[in-house]
Amino acid sequence: MPRIGIFDSGVGGLTVQRAILDALPGLDTVYLGDTARVPYGTKSPEVVTQYSIRNGRVLVAHGVEMLVVACNTASAVALPAMREAFDVPVLGVVEPGARAAARATRTGKVGILGTQSTVASGAYQRALAALIPGVEVTARACPLFVPLAEEGWTDPGDEVVRLVARRYLAPVRAAGVDVVVLGCTHYPLLAAAIAAELPGVTLVDSAAAIAAEVRERFPGAASGGPASHAFLVTDTPDRFLGVAPRFLGRPVESARHVDV
Ligand code: DGL
């Protein structure tokens, strides 16, 4: 059975793994959450690149055939260096997300939501500009969405969630976008709250977009299973194990500590 490596700064990349497992139940995976160093979204491109390469080395040592960079921040800043560092194919979430947005937009006005580093990198903006001539991008960093999602505060009826979403999304709504990319691992959990503030706007989930591209590479894994899934973390596993099932949508029974 093919085996791929997936990494993220922490638990959030499990939303990407979830989309991949939904599409490819026969695929073996090794997930690495760099829980000792999270968040990446406020760190410099140099540091995120250094961490990403270390994570990739651990996964490649586990014999994976492909590296999926689930973290949007790492995908935005570290992909060229990772592609140079490793012989296996390296897939990031930015390009699939941008392609899905390009397919979905009718007006050429696209919103990007992500971490501060993802937005500042301009990676989504460049990818969209290459795909949609004359695209108008409105990019917004929404850092408080990350702790909200980890805390399980995602209900659109929750007053705190509504207020935070409204504050971040008002300028995006005012820009008149017709498509918004959820450019951060945690945001799919807040999709209902985001949709409530952006009526009539199509939400593009980078996780689903990359899952479709992984499926193209391993069509045989679309059926079959049960597959094996290993979880590695760089901090002690307790907190990861508490939050992981909500992000993965499946039980996560054990995780092993690794030093990277
Ligand atoms: N995984 C990160 C991302 O998708 C969000 C959390 C963090 O800042 O590390 O950009």
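Atoms within a ligand are numbered from 1 in the order they appear, just like the ligands themselves.
The closest approach between a heavy atom of C184 and any atom of ligand 1 is below 4.0 Å.
The side chain to side chain contact (heavy atoms under 4.5 Å, CB included) with L113 is formed by just one residue from the set V172, V119, V181; it is V172. Tested against L190 for a side chain to side chain contact (heavy atoms under 4.5 Å, CB included), the candidates L182, V146, T154 yield a single pass: T154.
Note: an N/O pair closer than 3.5 Å links N72 and ligand 1 by distance alone. Between T185 and ligand 1, at least one pair of N/O atoms sits closer than 3.5 Å.
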- Query: Could you go step by step and tell me if V177 and V110 meet the side-chain contact (heavy atoms from CB on, under 4.5 Å) rule?
  - Reply: CA-CA 5 Å; V177 300; V110 178; 5.7 Å; no
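Of all atoms in ligand 1, numbered sequentially from 1 with element shown, those under 4.0 Å from a heavy atom of V38 are 9 (O). Counting the atoms of ligand 1 from 1 in the order shown, those under 4.0 Å from a heavy atom of D8 are 1 (N).
Counting only heavy atoms of the protein, atom 6 (C) of ligand 1 lies nearest to S9 OG, 3.7 Å. The closest protein non-hydrogen atom to atom 10 (O) of ligand 1 is T73 OG1, 2.6 Å. When hydrogens are left out, the protein atom nearest atom 8 (O) of ligand 1 is G41 N, 2.8 Å; that is the closest non-hydrogen contact.
Counting non-hydrogen atoms of neighbouring residues, nucleotides and ligands closer than 6.0 angstrom, the CZ atom of R215 reaches no more than 12 such neighbours.
In the model, Y187 has no side-chain atom that pairs as donor or acceptor with a side-chain atom of T115 under 3.5 Å.
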